[in-house]
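Proteins come first, then strands; the chains are lettered A, B, ... in the order of their sequence lines, and each starts at number 1.
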Amino acid sequence: MKRLTEFVAGSRELADPAFSQAVVTWQKQHGRHTLPWQNTRDAYRVWLSEIMLQQTTVAAVLSYYERFLARFPTVRDLAAAPSEDVMALWAGLGYYTRARNLHACAKRVVAEYGGEFPSDPVLLAGLPGIGRSTAAAIAAFSYGTRAAILDGNVKRVFARVFGVEGYPGEKKVEDALWLRAEALLPGDDGIEAYTQGLMDLGATLCTRSSPACERCPLAERCIARATGRTDELPVRKPKKAQPEKSAVLFVVLDGGDVLLEQRPESGIWGGLQSLPEMDGHVALDHDSITRSDGDIAVAAGARFGAVEEVSALLPLVHVFTHYKLHILPYVVRLAQRGEAPAGHQWWPLARIDEAGLPSPVRKLLASLAKPSLF
DNA sequence: GTCCGGTGTC
DNA sequence: GACACCGGAC
């Protein structure tokens with residue numbers, strides 16, 4: 001179990017009563033007050049909304065929330081429901097682990113807490129689907145518990161106002177943000193308006209792009225605003241260089257036919273046909289392949305018949321979401337075709353559109369029709 | 001197309 | 001600490 005100090009710690013140097021006061025005052029005047037899960041202290045409703053609002057916008061949640069509540073008015077109703085019903089009602093919201101955790105959580109609240117959500121954020125955070133931030137939000141809205149939230153919106157507000165450098169996904173940066181979140185909590189009063197105010201600021205004014213600083217109650221104390229860096233804070237996730245891989249592909253030709261190979265069901269281009277590869281592996285480390293060894297290509301081509309001529313084509317690059325693939329194509333013209341190896345078949349070039357090929361392979365074969373390019 | 005995100009898991 | 005989850009914002 002997490003230690004209590006983790007939730008109530010903070011730092012005197014970071015304390016600033018005027019901060020929470022500004023947020024609370026703004027929330028009462030300009031914040032959101034009429035969302036369906038507001039104006040209630042029913043922890044079940046608060047919890048349901050907070051889980052739905054993880055990774056999901058208010059607009060998307062509204063109709064789902066109403067339907068859930070209509071079908072499952074209390075946590076006992078939800079706990080007693082078949083999981084298929086819960087999943088069916090969640091369908092379309094995404095992140096289906098949330099739905100499974102939601103159901104499991106409802107069952108535990110009934111079994112372990114008599115159907116009443118605990119008011120202690122530490123206990124709440126021990127329930128499935130409820131982390132530190134969500135626990136604090138539920139406790140604050142349902143029970144007025146003085147606890148700090150730190151979701152993506154709040155991270156953005158803090159990073160900008162206080163000029164917090166570094167990517168918030170990094171542990172030391174996140175720890176620093178939690179320290180501020182704890183230190184900036186209001187005193188004994190106003191935790192609900194303060195918590196809601198931080199959420200509202202992040203969602204409506206302090207947006208990722210084009211923040212409405214002119215309407216922000218924190219503008220005069222905002223470091224990002226003062227230094228013109230709202231578009232640089234919070235620091236974006238560093239994107240790691242995408243790996244580069246290579247594949248030697250053979251365009252094995254016999255008259256008007258090309259040899260195709262069925263790819264495995266899983267992995268890239270799963271279930272499609274493609275061109276035969278060297279070693280039967282696409283995606284070798286880019287550095288491990290050079291184009292210098294046409295001999296290998298000749299030898300590899302011999303797998304398919306009597307080789308008449310081998311020529312290298314210009315390499316092409318295909319970009320996937322997670323890596324860059326350099327395709328090194330060789331044309332292998334056969335004097336006489338051998339028996340097609342298992343998983344291979346000869347295909348008339350004239351009907352190549354019907355073969356079900358990945359687009360870079362399709363382009364490669366199409367380019368053969370324009371020899372002027374080579 | 002790219003970026004983003006609470007929690008759970010590895 | 002890295003990643004998966006999945007849909008929305010841009």
Side-chain angles (χ1 to χ4, degrees), chain A residues 1-2 6-7 37 46-65 86-106 108-109 121-141 147-160 164 166-178 181 195 198-199 201-212 230-243 266-267 317-325 359-360:
Chain A
M1 184 181 293
K2 287 165 183 141
E6 199 177 321
F7 291 91
W37 43 85
V46 171
W47 162 73
L48 180 60
S49 71
E50 289 300 329
I51 300 300
M52 288 184 166
L53 289 164
Q54 291 167 355
Q55 284 87 38
T56 309
T57 57
V58 166
V61 163
L62 286 171
S63 66
Y64 283 86
Y65 178 79
V86 178
M87 298 308 293
L89 230 48
W90 194 277
L93 257 191
Y95 285 97
Y96 299 98
T97 299
R98 291 185 297 168
R100 288 187 287 274
N101 283 334
L102 187 86
H103 199 202
C105 184
R108 281 190 50 186
V109 167
V122 176
L123 295 181
L124 286 167
L127 294 167
I130 304 180
R132 181 174 174 183
S133 185
T134 302
I138 296 168
F141 290 137
I149 61 164
L150 189 65
D151 63 13
N153 283 337
V154 179
K155 285 177 180 172
R156 187 168 57 249
V157 172
F158 285 176
R160 284 177 176 165
V164 176
Y167 168 56
E170 201 178 320
K171 175 148 174 53
K172 69 169 198 267
V173 178
E174 182 163 22
D175 286 350
L177 289 169
W178 272 113
T195 303
L198 285 181
M199 293 176 167
L201 278 175
T204 64
L205 299 187
C206 196
T207 48
R208 189 140 63 91
S209 53
S210 312
T230 54
D231 58 346
E232 291 165 29
L233 295 174
V235 171
R236 278 180 294 278
K237 179 185 175 70
K239 56 170 176 286
K240 55 176 188 289
Q242 55 183 349
S266 61
V317 180
H318 187 69
V319 180
F320 291 94
T321 46
H322 43 312
Y323 63 89
K324 190 184 280 190
L325 179 65
S359 75

Output the rounded distance in Å from [atom1] ([X]) to [atom2] ([N]).
X	N	atom1	atom2	answer
A/I51	B/dG6	CD1	P	12 Å
A/M199	B/dG6	CE	C1'	12 Å
A/D151	B/dT7	CG	C1'	13 Å
A/L102	B/dG6	CG	P	17 Å
A/K155	B/dG5	NZ	P	7 Å
A/W178	B/dG6	CH2	C1'	10 Å
A/E50	B/dG5	CD	P	17 Å
A/L177	B/dG6	CG	C1'	15 Å

Do A/I51 and A/I130 pass the side-chain contact (heavy atoms from CB on, under 4.5 Å) test, and can you show the C-alpha distance, the side-chain angles, and the key distance before you say yes or no? CA-CA 8 Å; A/I51 300 300; A/I130 304 180; 4.3 Å; yes
What nucleic acid atoms does A/R236 come within less than 4.0 Å of, heavy atoms only: base, sugar-phosphate, or nothing?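 The residue A/R236 makes sugar-phosphate contact but no base contact.
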Give every pair of a protein N or O atom and an N or O atom of nucleotides 5-9 of chain C that lie under 3.5 Å apart, one pair per line with the distance.
unit_1: C/dC6; atom_1: O2; unit_2: A/Y95; atom_2: OH; d: 3.2
unit_1: C/dC6; atom_1: N3; unit_2: A/Y95; atom_2: OH; d: 3.1
unit_1: C/dG7; atom_1: OP1; unit_2: A/Y96; atom_2: OH; d: 2.9

Side chains of [X] and [Y], heavy atoms from C-beta outward: is any pair under 4.5 Å?
X	Y	value
A/L53	A/M199	no
A/Y64	A/M52	yes
A/K155	A/P234	no
A/T230	A/R160	yes
A/C105	A/W47	yes
A/R98	A/T56	yes

Check the pair A/L48 / A/W37 against side-chain contact (heavy atoms from CB on, under 4.5 Å), numbers first and verdict last. CA-CA 9 Å; A/L48 180 60; A/W37 43 85; over 6 Å; no
Go through the steps to decide whether A/D175 and A/L177 satisfy the test side-chain contact (heavy atoms from CB on, under 4.5 Å), and finish with yes or no. CA-CA 5 Å; A/D175 286 350; A/L177 289 169; over 6 Å; no
Distances under 3.5 Å between protein N/O atoms and the N/O atoms of nucleotides 1-4 of chain C, please, pair by pair.
unit_1: C/dC3; atom_1: OP2; unit_2: A/K240; atom_2: NZ; d: 3.2

